[in-house]
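Computed from a predicted structure; not experimentally measured.
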Amino acid sequence: MVRKFINGFTIYHLMIITLLAALGIAVKIPLQPLIHMISGPLLMPGGALAGGLYMMFIVLAVSITGRPGAAFLCGFVQAILVMITGLGGHHGALTIFTYTMPGIIVDLMMLVSRHRGCCRACCFFGCMLANVTGTLMVSFAFFALPLVPMLLRLGSAALSGAIGGLVAWEVAKHLGKIIKIGGKSPKSAKNQE
């Protein structure tokens with residue numbers, strides 16, 4: 001079953017997914033302290049606020065490859081990278097769960113909507129759901145927050161995720177002008193604007 005799943009991706013797709021997963025972790029490391037410097041004095045949750053900017057790489061994996069399961073695979077590779085390197089928020093064995101669940105949710109959303117990161121709306125909602133899911137996973141695993149702080153955290157995650165989704169769409173749109181994205185020619189990706 002695993003082999004059949006992996007065979008649905010070309011070597012090119014797997015390289016893109018791995019690169020995006022690594023970029024997501026690489027962006028997270030310097031971004032977290034900067035966001036905490038801003039969010040700390042405002043008493044806002046830093047991880048939820050920054051999450052949309054590195055969850056966008058999961059959405060980009062779907063948008064660039066156009067393959068079901070790409071978001072899950074990107075999150076899984078991120079989890080493995082974090083467990084091996086200890087960078088980007090190591091949560092022990094729960095790392096697999098906290099990093100792959102956002103990808104699973106993005107893949108489910110794309111499956112239900114029959115989209116593949118092909119328009120602004122699916123990138124917007126995909127990244128928003130990914131960040132809210134990631135925030136929920138971390139909150140349930142490590143924090144016992146009362147209702148109001150939890151809602152504040154989820155609201156921040158939704159806002160950040162929505163912004164990350166819009167950034168992901170813009171990146172995918174511009175990449176579509178120079179490379180083949182999701183099985184479409186650059187011309188057809190450009191017409192999706």
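- Distance CG/Leu136 to OG1/Thr98: 12.5 Å, rounded to 0.5 Å.
- From Phe9, atom CZ reaches atom CG of Leu73 across 5.5 Å, with rounding to the nearest 0.5 Å.
- Of all the heavy atoms in Gly103 and Ala71, the pair that sits closest is O-CB, 3.4 Å.
- Taking both residues in full, the closest heavy atoms of Cys118 and Cys122 are given as N-SG, 3.2 Å, listed atom of the first, atom of the second, then distance.
- When all heavy atoms of Tyr54 and Gln78 are compared, the closest pair comes out as O-NE2, 4.4 Å.
- Here the CD1 atom belonging to Ile58 is positioned 13.5 Å from the CZ atom belonging to Phe76, to the nearest 0.5 angstrom.
- The hydrophobic cluster containing Leu108 also contains Phe97, counting ILVMFWY residues as joined when their side-chain heavy atoms lie under 4.5 angstrom apart, directly or transitively.
- In Phe125, the CZ atom is not crowded: 12 or fewer heavy atoms of neighbouring residues, nucleotides or ligands sit closer than 6.0 Å.
- The minimum heavy-atom distance linking Gly69 with Asp107 is given by the pair CA-OD2, 3.1 Å.
- Within the 3.5 Å criterion, the main-chain N or O of Gly52 finds a donor-acceptor partner in the side chain of Ser160.
- Smallest separation of non-hydrogen atoms from Ala70 and Ala61: CB-O, 3.7 Å.
- In terms of modelled atom types and a separation under 3.5 Å, the side chain of Ser156 and the main chain of Leu152 share a donor-acceptor contact.
- Cluster membership check: Val77 does not share its hydrophobic cluster with Ile11, using side-chain heavy-atom separations under 4.5 Å among Ile, Leu, Val, Met, Phe, Trp and Tyr.
- Between the side chain of Asn7 and the backbone N or O of Arg3 there is at least one donor-acceptor pair closer than 3.5 Å.
- Leu151 is not connected to Leu129 by any chain of hydrophobic side-chain contacts under 4.5 Å among Ile, Leu, Val, Met, Phe, Trp and Tyr, and they are in different clusters.
- Atom CG in Leu159 sits 12.5 Å away from atom CG in Leu154 (nearest 0.5 Å).
- No donor-acceptor pair under 3.5 Å is formed between the side chain of Arg67 and the backbone N or O of Val62.
- If you take CD1 on Ile163 and CE on Met128, they are separated by 11.0 Å, rounding to the nearest 0.5 Å.
- Counting heavy-atom neighbours within 6.0 Å of Phe5 CZ, excluding the residue itself, gives a total above 12.
- The shortest side-chain heavy-atom distance between Leu20 and Ile64 falls under the 4.5 Å cut-off.
- Tyr99 places a side-chain heavy atom less than 4.5 Å from the side chain of Ile25.
- Residues satisfying the side chain to side chain contact (heavy atoms under 4.5 Å, CB included) criterion with Leu19, sequence neighbours excluded, are Leu23.
- Looking at Ser63 and Arg116, their side chains never come closer than 4.5 Å, going by heavy atoms from C-beta outward.
- Residues Met110 and Pro68 form no side-chain contact, since every pair of their non-hydrogen atoms from C-beta on lies 4.5 Å or further apart.
- Looking at Thr95 and Ile80, their side chains never come closer than 4.5 Å, going by heavy atoms from C-beta outward.
- Hydrophobic clustering, with ILVMFWY side chains joined whenever heavy atoms are under 4.5 angstrom apart, groups Ile6 together with Phe72.
- Taking both residues in full, the closest heavy atoms of Arg120 and Trp169 are given as NH2-NE1, 3.5 Å, listed atom of the first, atom of the second, then distance.
- Side-chain heavy atoms closer than 4.5 Å link hydrophobic residues (I, L, V, M, F, W, Y) into clusters, and following such links, possibly through other members, connects Tyr12 to Leu60.
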